[in-house]
Amino acid sequence: MASVSPPAASTQPALPSGPAVFKTVPYAFILPEIVCGMWVWILVAGTSVAAPLLQGWVMYVSVTSWLISLLLLLSYLIGFHKNSENWKVLDSLYHGATAILYMSAAVLQANATIVSEPGYNSETSSNSPLHYQLNSAATFFAFLTTFLYILHAFSIYYQ
């Protein structure tokens with residue numbers, strides 16, 4: 001007589017909730033994404049805008065991503081996901097799409113940094129070393145945040 005074996009346990013690890021979020025590899029990237037993303041929009045807001053359309057996109061992407069990532073972190077902390085597999089798909093798609101958007105924003109911020117360099121355009125006198133330094137820091141944090149979103153998307157995809 002054939003014995004009935006219990007169903008095989010899922011090999012997928014459980015989604016973390018509570019403080020375990022900060023100890024699990026793909027989800028531990030959320031807090032650095034929030035902090036670095038916050039620095040992007042603080043630094044862009046602190047400078048004079050050389051190209052309103054370009055830096056407007058940078059602000060839109062950074063603030064929107066910051067808010068959605070904060071909501072995602074809070075939902076993981078309170079256990080809103082209830083260990084559903086759909087949350088892994090949502091997380092991977094969100095971080096993948098955000099990585100692409102952040103890459104476009106980082107490139108546009110780099111362009112705004114070049115334009116704000118003192119001596120770049122002698123006709124405009126609003127270029128100061130302080131604005132250039134703020135734009136340079138915003139560019140650095142934009143590329144760092146892009147890298148964090150890429151790491152998060154790939155690590156949850158391959159998990």
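- Summarising the geometry, atom CG belonging to Leu31 is positioned 10.5 Å from atom CG belonging to Leu148; distances are rounded to the nearest 0.5 Å.
- With sequence neighbours left out, Phe140 forms a side-chain contact (heavy atoms from CB on, under 4.5 Å) with Leu144.
- When side chains are defined from C-beta on, Asn135 counts as touching Gln109, because their heavy atoms get closer than 4.5 Å.
- In the hydrophobic clustering of ILVMFWY residues, with side-chain heavy atoms under 4.5 Å counting as a link, Leu71 and Trp41 come out apart.
- Going from atom CE of Met38 over to atom OG1 of Thr145 covers 10.5 Å, rounded to the nearest 0.5 Å.
- Other cluster members for Leu93: Val89, joined by side-chain heavy-atom distances under 4.5 Å among Ile, Leu, Val, Met, Phe, Trp and Tyr.
- For Tyr132, there are no side chain to side chain donor-acceptor pair (under 3.5 Å) partners two or more places apart in sequence or in a different chain.
- Looking at residues two or more places apart in sequence or on another chain, you find no side-chain contact (heavy atoms from CB on, under 4.5 Å) involving Ile100.
- Put simply, the side chain of Ser92 never gets that close to the backbone of Lys88: no donor and acceptor are under 3.5 Å apart.
- Atom CZ of Phe141 and atom CD1 of Ile42 lie 10.0 Å apart (nearest 0.5 Å).
- Every residue meeting the ring pair (Phe, Tyr, Trp, His ring centres under 6.0 Å) condition with His95, not counting sequence neighbours, appears here in chain and number order: Tyr149, His152.
- Gly96 and Ala153 make their closest contact through N-CB, 3.6 Å (heavy atoms, listed as atom of the first residue, atom of the second, distance).
- How far NE2 of His131 is from OG of Ser136: 12.5 Å, rounded to the nearest 0.5 Å.
- Listed by first and then second residue, the side-chain hydrogen bond (donor to acceptor under 3.5 Å, both in side chains) pairs that reach into residues 97-107 are Trp57-Ser104, sequence neighbours excluded.
- Taking Leu151 as the reference, Phe29, Phe147 meet the side-chain contact (heavy atoms from CB on, under 4.5 Å) condition, with sequence neighbours excluded.
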Working note: Asp91 + Tyr76, criterion side-chain hydrogen bond (donor to acceptor under 3.5 Å, both in side chains); need CA distance, chi angles, decisive distance, verdict.
CA-CA 11 Å; Asp91 194 295; Tyr76 280 129; 2.9 Å; yes
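- Clustering ILVMFWY residues whenever any of their side-chain heavy atoms sit less than 4.5 angstrom apart, transitively, puts Ile78 in the very cluster that holds Tyr94.
- When the side chain to side chain donor-acceptor pair (under 3.5 Å) test is applied to Thr113, the partners found at least two apart in sequence or on another chain are Thr139.
- For the pair Ser69 (side chain) and Trp66 (backbone), a donor-acceptor distance under 3.5 Å is absent.
- The nearest pair of heavy atoms linking Val58 to Ala105 is CG2-O, 3.2 Å.
- Between Ser65 and Leu101, every side-chain heavy-atom pair lies at or beyond the 4.5 Å cut-off.
- Taking each heavy atom of Pro32 and Ala28 in turn, the nearest pair found is CD-O, 3.1 Å.
- Smallest separation of non-hydrogen atoms from Ala106 and Thr146: CB-OG1, 4.1 Å.
- Counting only heavy atoms from C-beta outward, the side chains of Ile30 and Glu33 approach each other to under 4.5 Å.
- Annotation: side-chain contact (heavy atoms from CB on, under 4.5 Å) contacts of Val35 (sequence neighbours excluded): Trp39.
- Val107 belongs to a hydrophobic cluster whose other members, connected by ILVMFWY side-chain contacts under 4.5 Å either directly or through intermediates, are Met103, Phe143.
- Taking OG of Ser75 as the reference point, atom CD1 of Ile68 lies at 11.5 Å (rounded to 0.5 Å).
- By the 4.5 Å heavy-atom criterion applied to side chains, Leu90 and Asn86 are not counted as neighbours.
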